[in-house]
Amino acid sequence: MSDRVQRMLDHSEIRDVLARYARGIDRGDGELLKTCYHADAIEEHAGNYEGNAHEYIDQAIPRVMKMGAMQHLLGSSYIDIDGDTAYVETNLWTFVRFSDEGKEVDTFTGGRLMDRFERRDGEWRIAHRWTILDWNRDTPSAEGWCLGLFDFTQKGARLGRKGKKDPSYERF
């Protein structure tokens with residue numbers, strides 16, 4: 001296989017891992033998240049955790065399941081491949097709804113995922129991750145669903161959920 005084709009495949013496989021991560025964290029799917037990391041991977045999560053990534057997932061999922069709506073949006077990724085190691089910087093924007101003393105607060109955060117991927121047994125996974133935070137905005141929630149345009153009591157109106165009850169786990 002040509003070097004250019006292999007490079008394209010490597011980039012695609014790395015982006016697939018990143019997409020699985022975003023889906024896994026937003027849906028609270030620990031099993032899916034663990035497929036993104038090697039078993040001995042290190043997670044350094046913005047000063048809140050440093051240690052084994054799988055153990056982090058086991059601790060984080062119960063908290064994620066109690067949080068409100070959550071969405072991780074991946075931006076551009078800079079991927080620098082050196083043999084079976086890739087250094088990857090991915091822009092990230094997150095939205096999370098928290099409850100603070102009975103009030104809903106929406107928090108928007110911009111940052112980057114700094115990953116060292118390793119290809120082991122032909123498969124790319126994260127070996128070490130730093131989460132870098134660049135900016136944040138907390139604001140009271142003011143959800144109105146476009147001034148009432150969307151009504152979730154109507155047939156076909158689907159609202160996202162955590163876990164396997166999310167509509168994305170259904171097939172049509």
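All heavy atoms count here, side chains included; hydrogens, waters and symmetry mates do not. These figures come from a predicted structure and were not determined experimentally.
With no hydrogens or angles considered, no side-chain donor-acceptor pair links Asp106 and Thr139 at under 3.5 Å. At a cut-off of 3.5 Å, with distance as the only test, a side-chain donor of Glu43 or Tyr37 sits close to an acceptor on the other residue. Glu89 and Ser77 are not linked by any side-chain donor-acceptor pair at a separation below 3.5 angstrom, with hydrogens and angles left out of the test.
By the neighbour-count criterion of 12 heavy atoms within 6.0 Å, atom CH2 of Trp93 is densely surrounded, having more than that number from other residues, nucleotides or ligands. Heavy atoms of other residues, nucleotides or ligands lying less than 6.0 angstrom from CZ of Arg120 number more than 12.
A distance of 9.0 Å separates NE2 in His38 from NE2 in His54, rounded to the nearest 0.5 Å. To the nearest 0.5 Å, atoms CG (Leu74) and CZ (Arg112) are separated by 14.5 Å. Atoms CD and OG, on Glu104 and Ser99 in that order, are 4.0 Å from each other to the nearest 0.5 Å. Between atom CD1 of residue Ile14 and atom OH of residue Tyr87 there is a gap of 12.0 Å, rounded to the nearest 0.5 Å. In this structure, CD in Glu31 is found 11.0 Å from CD1 in Ile57, a value given to the nearest 0.5 Å. Once rounded to the nearest 0.5 Å, the distance linking CZ of Arg97 with OG1 of Thr107 reads 11.5 Å.
The cluster map of Ile, Leu, Val, Met, Phe, Trp and Tyr, joined by side-chain heavy atoms under 4.5 Å apart, puts Phe95 and Leu73 in the same cluster. Grouping the Ile, Leu, Val, Met, Phe, Trp and Tyr side chains by contacts below 4.5 angstrom, directly or via other members, places Leu32 apart from Leu18. Hydrophobic clustering (ILVMFWY, side-chain heavy atoms < 4.5 Å, transitive): Tyr56 and Val96 are in distinct clusters. Under the 4.5 Å side-chain heavy-atom criterion for ILVMFWY residues, a single connected hydrophobic cluster contains both Ile25 and Phe98. One hydrophobic cluster, built from ILVMFWY side chains closer than 4.5 Å, holds both Val17 and Ile79.
In terms of modelled atom types and a separation under 3.5 Å, the side chain of Lys162 and the main chain of Val64 share a donor-acceptor contact. Checked by atom type and distance alone, the side chain of Asn52 pairs as donor or acceptor with a backbone atom of Ala39 at under 3.5 Å. Without hydrogens or angle criteria, Arg125 side chain to Thr35 main chain gives a donor-acceptor distance under 3.5 Å. Without hydrogens or angle criteria, Asp115 side chain to Ala127 main chain gives no donor-acceptor distance under 3.5 Å.
Side-chain contact between Met70 and Thr94 is absent, with no heavy-atom pair separated by less than 4.5 Å. Side-chain atoms of Leu113 and Thr131, non-hydrogen and from C-beta on, do get closer than 4.5 Å to each other.
Residue pairs that meet the salt bridge (charged side-chain N to carboxylate O under 4.0 Å, His left out) test with at least one member in residues 53-81, sequence neighbours left out, are Lys34-Asp58.
By the side-chain contact (heavy atoms from CB on, under 4.5 Å) test, Glu50 pairs with Glu44, sequence neighbours left out.
Geometrically, Arg129 engages Tyr21 in a cation-pi contact defined by less than 6.0 Å to the ring centre and at most 45° from the axis.
Residue Gly160 comes nearest to Asp166 through the heavy atom pair CA-OD1, 3.3 Å, listed as atom of the first residue, atom of the second, then distance. Pairing each heavy atom of Ile81 with each of Ala86, the nearest pair is CG1-CB, 3.9 Å.
Through direct or indirect side-chain contacts shorter than 4.5 Å among Ile, Leu, Val, Met, Phe, Trp and Tyr, Leu133 is connected to no other residue.
Looking at Asn136, Asp138, Asp134 one by one, the single match for side chain to side chain donor-acceptor pair (under 3.5 Å) with Thr109 turns out to be Asn136.
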